[in-house]
Structure formats: C-alpha cells, structure tokens
Colleague: 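Starting off with a structure, shown below.
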Amino acid sequence: MWQGLGHVINSFRKDMLGLEALTSSQGAGVLDMLKIPWTYCWSDSLLPKPKDWKDHIGMSSRIALADELDISGFYFFQDAKSYTPPDDLAEFLKSGKPPIYIG
C-alpha cells in the first residue's frame with residue numbers, strides 16, 4: 001500500500017499537518033504498527049482472505065466493523081451506462097475472450 005500511496009500521504013503530512021515525510025520503510029511499518037485500516041477493492045468471492053494476514057486485517061464484502069479492515073467489493077464507474085469506449089478499445093474487446101484486469 002505504501003508504494004502506491006506514500007507520496008500522497010507524505011504530501012498530506014507535510015502540507016496539511018506540518019509533519020516530516022516518512023521513508024518507504026517507515027511508512028510501510030507504521031501502517032502495521034498502528035493498525036491503520038484501509039479498504040481493498042475486490043470481492044472475497046474472487047480472492048479469500050490470505051492466511052498470513054494479521055488479526056487486525058479483516059475481510060468482508062459488506063460494511064466492516066469499526067475495528068476491521070474492509071474488503072469492499074469492486075468499484076464501478078458511475079457513468080458506465082453512458083460510456084462509449086474509443087473505437088480501438090471496442091474492437092479489442094470484441095476480438096476475443098473478455099480480458100481480466102488486475103491493478
């Protein structure tokens with residue numbers, strides 16, 4: 001998580017809170033040490049909770065309890081009904097099996 005959001009968190013720490021930036025190792029460690037919750041955006045039907053996750057990391061496709069980490073399910077583009085993909089993307093999607101996106 002820190003690799004993807006560390007720069008955003010550090011900007012907030014410096015600009016809004018007047019705190020020093022955290023290094024990559026500090027940032028990753030502080031999330032676990034303070035048991036800071038975050039939301040995973042996949043369904044537990046797709047990927048069950050890994051056995052090596054610590055107790056403060058919960059998993060749910062529903063609203064989590066206050067002390068759990070929530071797995072929210074998927075996010076969907078709200079305007080998907082009116083979205084028209086570019087022609088090259090539409091052709092790619094029609095050309096074979098539906099792709100799987102992870103990222």
Colleague: Can you find a pair of side-chain heavy atoms, one from Leu22 and one from Ile9, that are under 4.5 Å apart?
Modeller: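 Side-chain contact under 4.5 Å: no.
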Colleague: With sequence neighbours left out, write down each residue that passes side chain to side chain donor-acceptor pair (under 3.5 Å) with Ser11, or none if nothing qualifies.
Modeller: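 Scan of Ser11 (side chain to side chain donor-acceptor pair (under 3.5 Å), adjacent residues dropped) gives none.
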Colleague: Can you name the nearest heavy-atom pair linking Lys14 to Glu20, along with the distance?
Modeller: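 Shortest heavy-atom separation between Lys14 and Glu20 comes out as CG-C, 4.4 Å.
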Colleague: Can you tell me if Asp87 has over 12 outside heavy atoms packed within less than 6.0 Å of its CG?
Modeller: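 No.
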Colleague: For Leu89, which residues count as a side chain to side chain contact (heavy atoms under 4.5 Å, CB included) partner, sequence neighbours excluded?
Modeller: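 Tyr83, Pro85, Pro86, Phe92, Leu93.
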Colleague: For residues Met16 and Leu19: do they belong to one hydrophobic cluster (side chain heavy atoms under 4.5 Å, members Ile, Leu, Val, Met, Phe, Trp, Tyr)?
Modeller: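 Yes, Met16 and Leu19 fall within the same hydrophobic cluster.
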Colleague: Sequence neighbours left out, what passes side chain to side chain donor-acceptor pair (under 3.5 Å) with Ser24? Give chain and number order.
Modeller: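 Listed in chain order: nothing, the list is empty.
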Colleague: Within the structure provided, determine whether Arg13 and Asn10 are in side-chain contact (heavy-atom separation under 4.5 Å).
Modeller: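 Yes, close enough: below the 4.5 Å cut-off.
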Colleague: Should Leu34 and Leu5 be regarded as members of a common hydrophobic cluster, given that ILVMFWY residues are connected when their side-chain heavy atoms come within less than 4.5 Å of each other, either directly or indirectly?
Modeller: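 Yes: a chain of side-chain contacts under 4.5 Å links Leu34 to Leu5.
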